[in-house]
Amino acid sequence: PEAGNAWAPKAFWSSERGCWLLFWASALHANSPRDSNDYQRILMAPTHDFRTFGPPEVYLDLGHDVIDATFIDDGAQWYRFSANAMSSPRGEKRGNHIYMERGSSLEAPNYSPVREDVGLEVLVRGEGPATAPALAHPGWYLLIDECGLRGYQLFETNNLESGDWIWLEQARLPERARHGSLMPITAKERERLLSRYATVKPGRTLT
């Protein structure tokens, strides 16, 4: 009841709990009307069927804004990405950029930094990270939303542990694409989509 908003929900399977965990960002307001000085935290709630949910829990509270959490499970480690308004351990507030961390499980309390500000060299700001594995070669893709400016920009890495992401400057995405998710489709599914929406010019296929 004290949540003033619910932003950017994403769900991930928890093998420890045997259910899905839904993650989103909320500012929690102790007073009414809303306290404009409050900040965003990452909350989560368990579900087995996406119809009923357990009580929400605070998953990540950094004492300042953190939103848009997403994860990669590479089979050995978990990687967490978030838009962190104060990602530097020196306390420098530079506006939202993508903070990349590594942990042993989805709910591990000991995530450690891998990269403070992914894309800082080419983005004014970043939020809404979305990830997907490459299909035809080892590697991963990362979309970062340069919100209010160029929208989603595409990055790629073949080494998650390094935290080094290469900006694919020539990649073209749908105009105003932002705050979404990446998911693989089959060649037949692609053909069916292009047949159904024949007037839409196909973009680059991520392989």
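What you are looking at is a predicted structure, and each value in this text was computed from that prediction instead of being measured.
- With hydrogens and angles disregarded, no donor-acceptor distance shorter than 3.5 Å links the side chain of S82 to the backbone of N84.
- A salt bridge links E127 to R178: at least one charged side-chain nitrogen sits closer than 4.0 Å to a carboxylate oxygen.
- Atom OG1 of T70 and atom OH of Y79 lie 15.0 Å apart (nearest 0.5 Å).
- The aromatic rings of F12 and F23 sit perpendicular, their planes meeting at an angle over 60°, well past the 30° parallel limit.
- By the 4.0 Å N-to-carboxylate-O rule, E169 lies too far from R150 to be salt-bridged with it.
- Atom CG of L173 and atom OH of Y152 lie 9.5 Å apart (nearest 0.5 Å).
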**Request:** List the steps, then state whether side-chain hydrogen bond (donor to acceptor under 3.5 Å, both in side chains) holds for Q40 with N5.
**Result:** CA-CA 9 Å; Q40 302 293 325; N5 58 281; 2.9 Å; yes
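- Taking 4.0 Å as the cut-off between side-chain N and carboxylate O, R80 and E107 do not count as a salt-bridged pair.
- Electrostatic pairing of E161 and R102 does not count as a salt bridge here, judged by no charged N lying under 4.0 Å from a carboxylate O.
- In this structure, a donor-acceptor pair under 3.5 Å is present between the side chains of D61 and Y39.
- There is no side-chain donor-acceptor pair under 3.5 Å between S15 and W13.
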**Message:** Between E156 and W165, is the side-chain hydrogen bond (donor to acceptor under 3.5 Å, both in side chains) condition met? List the steps.
**Reply:** CA-CA 5 Å; E156 182 180 19; W165 293 88; over 6 Å; no
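- Panel note: side chain T131, backbone L142; no donor-acceptor pair is recorded below 3.5 Å.
- Side chains of H179 and D68: a donor-acceptor N/O pair is present below 3.5 angstrom, by distance only.
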